[in-house]
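See structure below.
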Amino acid sequence: MNASSRNQTANTLFMQALGFVQAGLFYPAEQTLLKVIELYESEQESQAAAFARLTLARVYADQAKYTEAHAILQRVLHEAETRGDQETLVRALYETGALAERMQDTDAAHAAYIRVLRTAPNAGDRATAALRLGALANATNRPDDAAHFYRTAFELFQSIEHDLGMAQAAYELTRLLANVNPTEARRYYEIAHTLAETWGDETLLHALQAIPLE
């Protein structure tokens, strides 16, 4: 099999593995992904192999095999840092944060997301990290920190005109500030409500209506 054929086979198998993952067929997903990684590495397709490993880590996490998932993520992070692959690094940090959340390790999750917020070149990635940080802070009874991160997310999404992200951050701020700063909460409510109406998002509209505002 020549290089082109191996690469095409790896791509096809990767899509097949994703189908197994979506269907919850973990064993065939794992075995297929291991073959995909082997094929990509034989062609020195480092980033493609890393993406396959990230998927494999998720398969392990879905089975509560957290030790195996963590080991894979640490390898991907190390290799991405070594070759200066920022795209893979950001994706691996998100997966690391998600795994830490599953393990109820909020400190590790915070560390992963804060690194994305501080270093990711893409504003959308930074905004999403800020949303996750806001949710973590809110879940651990740190409302001031939560509001700070949600405001950061809103501003970042606004800077790239990402309406859905703005609406989500504005909703979280409305809910968080309703009892402590009703004036600011009302401002974010109006923004979220306008965006929800624009996009016809009935779920968000109902959620906003359930927030008691003065």
Side-chain angles (χ1 to χ4, degrees), residues 1-83 85-117 119-120 122 124-140 164-165 168 203:
M1 185 184 298
N2 59 35
S4 177
S5 296
R6 281 194 295 269
N7 202 18
Q8 184 175 1
T9 299
N11 292 340
T12 300
L13 287 173
F14 199 178
M15 294 302 297
Q16 186 179 63
L18 293 175
F20 289 143
V21 172
Q22 291 177 350
L25 301 173
F26 298 128
Y27 181 76
E30 177 184 345
Q31 296 304 306
T32 305
L33 286 165
L34 289 170
K35 181 62 176 177
V36 168
I37 292 166
E38 178 185 339
L39 287 168
Y40 280 139
E41 289 190 330
S42 71
E43 297 305 311
Q44 299 183 334
E45 294 282 353
S46 299
Q47 188 179 70
F51 289 167
R53 279 198 171 90
L54 292 177
T55 305
L56 181 59
R58 205 173 308 131
V59 168
Y60 286 141
D62 285 343
Q63 299 173 84
K65 296 180 178 179
Y66 299 138
T67 300
E68 293 90 334
H70 183 264
I72 290 174
L73 292 174
Q74 290 303 300
R75 174 174 178 171
V76 174
L77 284 167
H78 174 72
E79 291 179 352
E81 288 174 329
T82 299
R83 65 176 183 270
D85 183 351
Q86 191 69 23
E87 180 183 359
T88 300
L89 182 62
V90 168
R91 290 184 62 171
L93 285 169
Y94 272 126
E95 292 292 339
T96 299
L99 178 64
E101 288 193 69
R102 288 192 188 210
M103 299 172 68
Q104 299 184 336
D105 187 345
T106 55
D107 288 341
H110 177 91
Y113 297 138
I114 205 75
R115 188 174 174 189
V116 176
L117 178 60
T119 65
N122 182 282
D125 287 329
R126 297 197 303 276
T128 303
L131 276 181
R132 293 305 315 144
L133 287 162
L136 283 175
N138 194 37
T140 52
L164 296 180
Q168 184 177 355
T203 300

>> So, using side-chain contact (heavy atoms from CB on, under 4.5 Å) as the criterion, who are the partners of E41 when residues are at least two apart?
In response: I37, A49, R53, R75
> Taking all atoms of both residues into account, what is the closest heavy-atom pair of A10 and Y40, and its distance?
Replying inline: CB-CE2, 3.6 Å
> With E95, which residues qualify under salt bridge (charged side-chain N to carboxylate O under 4.0 Å, His left out), at least two apart?
Replying inline: R58
> Does the side chain of Y60 come under 3.5 Å of the side chain of E30 through a donor N or O and an acceptor N or O?
Replying inline: yes
Distance-only check: which donor-acceptor pairs under 3.5 Å involve side-chain atoms of residues 61-74, not counting sequence neighbours?
| unit_1 | atom_1 | unit_2 | atom_2 | d |
| --- | --- | --- | --- | --- |
| D62 | OD1 | R102 | NH1 | 2.9 |
| D62 | OD1 | R102 | NH2 | 2.5 |
| Q63 | NE2 | V59 | O | 3.1 |

> Who passes salt bridge (charged side-chain N to carboxylate O under 4.0 Å, His left out) against R91, sequence neighbours left out?
Replying inline: none
>> Using every non-hydrogen atom in the two residues, find where L39 and T9 come nearest and quote the distance to one decimal.
In response: CD1-CG2, 4.0 Å
>> Listing request: all salt bridge (Lys or Arg N to Asp or Glu O under 4.0 Å) pairs with a residue in residues 9-18, at least two apart in sequence or in separate chains.
In response: none
> Taking all non-hydrogen atoms of both residues, which atom of A100 and which atom of A108 are closest, and how far apart?
Replying inline: CB-CB, 3.8 Å
> Can you list every side-chain hydrogen bond (donor to acceptor under 3.5 Å, both in side chains) pair that touches residues 127-137, not counting sequence neighbours?
Replying inline: E101-R132
> If you round to the nearest 0.5 Å, how far is CG of L131 from CG of L136?
Replying inline: 11.0 Å
> Of all residues at least two apart in sequence or in a different chain, which pass the side-chain hydrogen bond (donor to acceptor under 3.5 Å, both in side chains) check with Y94?
Replying inline: none
> Between L117 and A130, which heavy-atom pair has the shortest distance, and what is it?
Replying inline: CD1-CB, 4.2 Å
> Can you name the side-chain contact (heavy atoms from CB on, under 4.5 Å) partners of N122, sequence neighbours left out?
Replying inline: D125
> Is there a side-chain contact between L33 and F14 (heavy atoms, below 4.5 Å)?
Replying inline: yes
> Between atom CG of L77 and atom CZ of R115, what is the distance when rounded to the nearest 0.5 Å?
Replying inline: 6.5 Å
> Which residues satisfy the side-chain contact (heavy atoms from CB on, under 4.5 Å) test with T32, sequence neighbours excluded?
Replying inline: L13, Q16, A17, F20, V36
> By side-chain hydrogen bond (donor to acceptor under 3.5 Å, both in side chains), which residues pair with T12, not counting sequence neighbours?
Replying inline: none
> Got a sec, which residues hit side-chain contact (heavy atoms from CB on, under 4.5 Å) with A50, two or more places apart in sequence or on another chain?
Replying inline: V76, R83, T88
